[in-house]
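Heavy atoms only: backbone and side chains are in, while hydrogens, waters and symmetry mates are out. Quantities reported herein were computed from a predicted structural model and do not represent experimental measurements.
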Amino acid sequence: MTQAHGLPDLLARILASRGVRPEQAETFLAPKIRDLMPDPSVLVDMEAAAERLARAVKTAEPVAIFGDYDVDGAASAALLAGYLRALDVPVQIWIPDRITEGYGPNVAAVTKLAENGARLLVCVDCGTAGHAPLEAARALGLDAIVLDHHAATERLPPTVALVNPNRLDDLSGLGHLCAAGVVFLTLVALNRRLRQLGAFANRQGPALTDSLDLVALATVADVVPLVGLNRAFVVQGLTVMRGRGRPGLAALFDAAGLSEPPEAWHLGYLVGPRINAGGRIGDAGLGSQLLGTADPAEAHRIAVELDRLNRERQAIEALAVEEAEAAMDRDLMGEPGRPVLVTGSDAWHPGIVGLIAARLKERFGRPAFAFAIRSDGTATGSGRSILGADLGRAVHDAVEAGLAIKGGGHAMAAGVTLPSSDFSAFSAHLASALGSAVTAARDAEALLIDGTVSAGGATAELVKTIQRAGPFGQGAPEPVLALPRHRLVDAAVVGNGHVRARFRSRDGQIVGAIAFRVAQGPLGLALLGGIGQDFHVAGTLSTDRWRGAERAQLRIGDLAVPE
């Protein structure tokens, strides 16, 4: 690759380590959707979905969109609604309240949508397990379409079309798509069908590429693998996003204090949490309203409210995480080999249990579930997993076995409702279903190094070179570099449990570094107690911008003591 394409050696090594062959290098570095886009018809039921939606467009039939309360659901709803409204189709969006309605369609909401005039119901990022609500929809005279990506069982609800690359009879190989990706492919199919029907003979059709910002946001925020088509979605979606053409996203960037061009990690750590805050502890519909509005004033109002809710969520989460980690520390002292962590409290807000689970997984290196115990004795929880342990399948099996009232999800994340706050049976099921997979995954865990660099070589230019292999995220980890035998000059706790440090190479060059949320853990204690010692230090490089200047900063992943 260095010879054929003139790539820097480190960049070529990164690509080679990720399985990119020399003839694929240029395409990998500049992925284009047109090169990776499959025919949407490879998805089961896609033709039926496009045909029914085309009928709604041709007759201006009222359409109801039922979405999930997370970023993927909000983006999917805004994506579909934006397309239909551009063609003068009357649309109403329903995002359920996490606490009073729970995940997925419900009979009361479906009934209300029908009363409001809907004749077609489209469920996005949910609906695959919505048997009773979709039965009710059929009884009310509503046709139903499901556009989803969550794990499915053999038994599917009654629909005109259920498009889901993770249904058991779908052989498209597109199971890595998030719901917004599925919706985008559906709009491609719908666009094609409308063109065949002559719908655009006297008018311009919607520009689908303008909506790639929503697909990119959902792809990153829903933590689906950044491979293949998903990678192209994010690369081209970020380009659209940098044009600030969507008032809602522009307002949210401003509320988050993001002044630089957005990158993939901004979507996961700055934008996504603010949109999710509405669904967690506020108005679940704020996210889809923000992403769908064309009014800058309304966008500003919603973005400010979401930013406020996010700060409130952070305070609530911090207390709950501290309690959960202490509980798991006690439990693991008695059972250190427990493969899956399960905990709960009647003091936890249902909107933050997924965040608690994510922190437990991060801290203890194994799948984790956190539950909010309700006043009626039931428990609503969310889980996060590690690579190799399919949480969604385990939850579906628990529902089938009668251990859970309802639940669903995908390999890395799942939600579930239990009949009581006694977690023993559910914990035993998870241990049995995932024990061997978790053991194998943890045994195989290693920090893989892409290359070495010294403090003097860790420059902002090197960061830009590495970023050419991005975007990075789930399924596409950031390249890890090792700095061999560097002296730890200083280290101190900053912010919320972070440790900031500086390392010096033998030639006297200095590089700044930071390790997030480690102050009380082994890595943090090693840093704080190791000033003046030599270490091999490994991590990822990022750009630290301060007062107009750019410099490289190492995000520390691990330390080793030289022999």
Side-chain angles (χ1 to χ4, degrees), residues 223 280 313-374 377-392 394-395 398 403-404 407 409 411-418 420-445 493 496-499 515-526 557-558:
V223 202
R280 294 190 188 283
R313 184 271 306 168
Q314 288 173 324
I316 296 171
E317 178 194 347
L319 293 173
V321 167
E322 184 177 349
E323 181 182 346
E325 289 183 342
M328 289 298 95
D329 276 328
R330 291 192 300 269
D331 287 357
L332 289 173
M333 286 180 66
E335 190 183 352
R338 180 184 298 189
V340 183
L341 306 179
V342 180
T343 187
S345 170
D346 58 7
W348 294 345
H349 192 289
I352 64 166
V353 290
L355 302 173
I356 299 170
R359 290 295 184 87
L360 293 177
K361 181 208 77 169
E362 180 182 301
R363 163 82 185 276
F364 297 104
R366 64 197 82 188
F369 266 94
F371 285 89
I373 301 171
R374 298 184 173 188
T378 61
T380 301
S382 186
R384 298 294 183 269
S385 193
I386 60 177
L387 287 174
D390 191 337
L391 214 56
V395 166
L403 298 174
M412 300 301 289
V416 67
T417 299
L418 301 182
S420 77
S421 58
D422 180 359
F423 305 135
S424 55
F426 183 65
S427 295
H429 164 75
L430 293 176
S432 175
L434 300 175
S436 59
V438 171
T439 299
R442 297 190 75 198
D443 287 346
E445 187 178 7
V493 178
N496 187 23
H498 314 315
V499 176
F516 292 107
R517 295 194 298 268
V518 302
Q520 300 302 317
L523 178 56
L525 296 176
D558 205 356

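With a 6.0 Å radius and a threshold of 12 heavy atoms from other residues, nucleotides or ligands, N496 has its CG atom at or below the threshold. Within a 6.0 Å sphere centred on CD of E322, other residues, nucleotides and ligands contribute 12 heavy atoms or fewer.
Between the side chains of S424 and D422, at least one donor N or O lies within less than 3.5 Å of an accepting N or O.
The aromatic ring centroids of F423 and F369 lie 6.0 Å or more from each other.
Counting all heavy atoms, side chain and backbone alike, V499 lies closest to A519 at CG2-CA, 3.9 Å. Residues G388 and A437 come closest through the heavy atom pair O-CB, 3.4 Å. Of all heavy-atom pairs spanning S385 and A411, the tightest one is CB-O, 3.5 Å. Residues A357 and A368 approach most closely at CB-O, 3.5 Å, considering heavy atoms. For the residue pair P339 and V438, the shortest heavy atom distance occurs at O-CG1, 3.5 Å. Across all non-hydrogen atoms, the minimal contact from P367 to L391 is CB-CD1, 4.3 Å.
Legend: residues meeting side-chain contact (heavy atoms from CB on, under 4.5 Å) with D558, ordered by chain and number and at least two apart, are L447. Judged as a side-chain contact (heavy atoms from CB on, under 4.5 Å), and not counting sequence neighbours, S432 has no contacts. Scored by the side-chain contact (heavy atoms from CB on, under 4.5 Å) test, L523 finds A515, V518, L527, I556, L559 as partners (sequence neighbours excluded). Every residue two or more places apart in sequence or in another chain that forms a side-chain contact (heavy atoms from CB on, under 4.5 Å) with A413 is listed here: R384, H410.
Atom CZ of R280 sits about 11.5 Å away from atom CD1 of I316, to the nearest 0.5 Å. Atom CG of residue D331 and atom CE of residue M333 lie 10.5 Å apart, to the nearest 0.5 angstrom.
Considering only heavy atoms from C-beta on, H429 comes within 4.5 Å of L403 through its side chain.
A side-chain contact (heavy atoms from CB on, under 4.5 Å) with F371 is found for one member of T380, L418, V353, I356 and no other, namely L418.
Pairs of residues two or more places apart, or lying in two chains, that qualify as side-chain hydrogen bond (donor to acceptor under 3.5 Å, both in side chains) and include a residue from residues 357-371 are E325-R363, D329-R363, E362-R517. Within the structure, the side-chain hydrogen bond (donor to acceptor under 3.5 Å, both in side chains) test picks out the following pairs touching residues 341-351 (sequence neighbours left out): E323-W348.
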Check your understanding: Please walk me through it: do E445 and I386 pass side-chain contact (heavy atoms from CB on, under 4.5 Å)?
Key -> CA-CA 10 Å; E445 187 178 7; I386 60 177; over 6 Å; no
Exercise for review: Check step by step if side-chain contact (heavy atoms from CB on, under 4.5 Å) holds for V321 and I352.
Suggested key: CA-CA 9 Å; V321 167; I352 64 166; over 6 Å; no
Review point. Taking it one step at a time, do L360 and M328 satisfy side-chain contact (heavy atoms from CB on, under 4.5 Å)?
Key: CA-CA 8 Å; L360 293 177; M328 289 298 95; 3.9 Å; yes
